[in-house]
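What follows is a set of notes on a single structure, which appears directly below.
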Amino acid sequence: MTESLLTPAELPRYLTGDTVRLVVVDRRVSQGELWYSCWQVMREEAVIASYFHDDFAEAHGPYRGDLPCFIQHYCLQTHHLVLVALGAHDMILGMVDYLVTPRLRHAKAGIWFRRKQSAAALEAGLLATSLGFAFLQGIDTFFAMSPHPYIPRYGRKLGWQELPPVAGYYGAKPLYMIAVTRATWDERLQHAAGMPA
């Protein structure tokens, strides 16, 4: 049996791609400027309200997507891994975050990338999947759910499994969901590296 490529020792290889660099944003370290810049970019691109969709209504009401909501979601959660994708000249390209439920051994992924950055978003998503599994050793499954149809399209490109949509989950909008397991992803990495099973 081949040794897993999803171990903490392998983390450095998943931080930098050809055009994208991932930054692990740690709430214990002062990275307020990076948080604020991400929030500003999402507001400028008018995606903040759709990213903080109906799932956030109960906790944040009409204030969902404002700066305190953003800080609460990304900085104040205890089991949260946040990865910011940076491009040339440290331009913010997007974020992938994992909200972890340790007892269920899964993590819910939040995914946002700037428009017209599809190649960088794909590379960042591949890196973020590998880095997430290597960083979160107790987690067996990542999943993402959203009312936005780009989620299954993006998931298919990454090689995650697309699950059947649930009609009317968000009122008039369906729920789209994608998922990937650690075993599936490790096998994919080993195959890509030409390693024997």
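Between Ile178 and Leu163, the closest side-chain pair of non-hydrogen atoms is not below 4.5 Å. Between Ser130 and Trp185, some side-chain heavy-atom pair lies under the 4.5 Å cut-off. Counting heavy atoms from C-beta outward, Leu122 and Leu158 have side chains that approach closer than 4.5 Å. Considering only heavy atoms from C-beta on, Val96 comes within 4.5 Å of Phe113 through its side chain.
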_Verdict with reasoning, Arg188 to Leu126, per side chain to side chain contact (heavy atoms under 4.5 Å, CB included)_ = CA-CA 11 Å; Arg188 173 183 173 148; Leu126 294 169; 3.6 Å; yes
*Apply the test side chain to side chain contact (heavy atoms under 4.5 Å, CB included) to residues Arg13 and Leu5: give CA-CA distance (whole Å), side-chain angles for both, the deciding distance (0.1 Å), then the verdict.*
CA-CA 10 Å; Arg13 78 158 72 186; Leu5 292 175; 4.2 Å; yes
*Quick one: do Val25 and Leu83 satisfy side chain to side chain contact (heavy atoms under 4.5 Å, CB included)? Show the steps, please.*
CA-CA 6 Å; Val25 186; Leu83 309 171; over 6 Å; no
*Between Trp160 and Ile151, is a side chain to side chain contact (heavy atoms under 4.5 Å, CB included) present by the stated rule, with each step listed?*
CA-CA 10 Å; Trp160 289 32; Ile151 283 292; over 6 Å; no
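Using a distance-only test at 3.5 Å, with no hydrogens or angles considered, no donor-acceptor pair links the side chain of Ser4 to the main chain of Thr7. With hydrogens and angles ignored, the 3.5 Å screen pairs no side-chain donor or acceptor of Tyr98 with any backbone N or O of Leu136. A donor-acceptor pair under 3.5 Å is absent between the side-chain atoms of Glu162 and the main chain of Gly155, judged by distance alone. No donor-acceptor distance shorter than 3.5 angstrom exists from the side chain of Gln117 to the backbone of Leu93, with no hydrogens or angles considered. In terms of modelled atom types and a separation under 3.5 Å, the side chain of Tyr176 and the main chain of Arg153 share no donor-acceptor contact.
Heavy-atom contacts from other residues, nucleotides or ligands closer than 6.0 Å to CZ of Arg103 number 12 or fewer. Around the CZ atom of Phe143, the shell of radius 6.0 Å holds more than 12 heavy atoms that belong to other residues, nucleotides or ligands.
With rounding to the nearest 0.5 Å, the separation of CZ in Phe142 from CZ in Phe133 is 4.5 Å. Note: His80 NE2 to Lys108 NZ = 9.5 Å, rounded to the nearest 0.5 Å. Going from atom CD of Glu45 over to atom CZ of Arg115 covers 5.0 Å, rounded to the nearest 0.5 Å. From Leu6, atom CG reaches atom CG of Asp186 across 4.0 Å, with rounding to the nearest 0.5 Å. Between Leu189 atom CG and Thr129 atom OG1 the span is 9.0 Å, to the nearest 0.5 Å. To the nearest 0.5 angstrom, Met42 atom CE is 13.0 Å from Ser37 atom OG.
Residue pairs meeting the side chain to side chain donor-acceptor pair (under 3.5 Å) criterion with at least one member in residues 133-144, sequence neighbours excluded, are Arg105-Asp140.
Taking each heavy atom of Ile139 and Pro102 in turn, the nearest pair found is CD1-CA, 4.5 Å. Residues Asp90 and Arg21 approach most closely at OD1-NH2, 2.5 Å, considering heavy atoms. Across all non-hydrogen atoms, the minimal contact from Pro8 to Pro12 is O-CD, 4.3 Å. The nearest pair of heavy atoms linking Pro174 to Pro165 is CB-CB, 4.5 Å. Taking both residues in full, the closest heavy atoms of Leu81 and Gly132 are given as CD2-CA, 4.1 Å, listed atom of the first, atom of the second, then distance.
Taking the six-membered ring where tryptophan is involved, the planes of Tyr150 and His148 are essentially parallel, since the angle between them stays under 30° and well short of 60°.
Taking hydrophobic clusters as Ile, Leu, Val, Met, Phe, Trp and Tyr residues chained together by side-chain heavy-atom distances below 4.5 Å, Trp39 does not share a cluster with Leu99.
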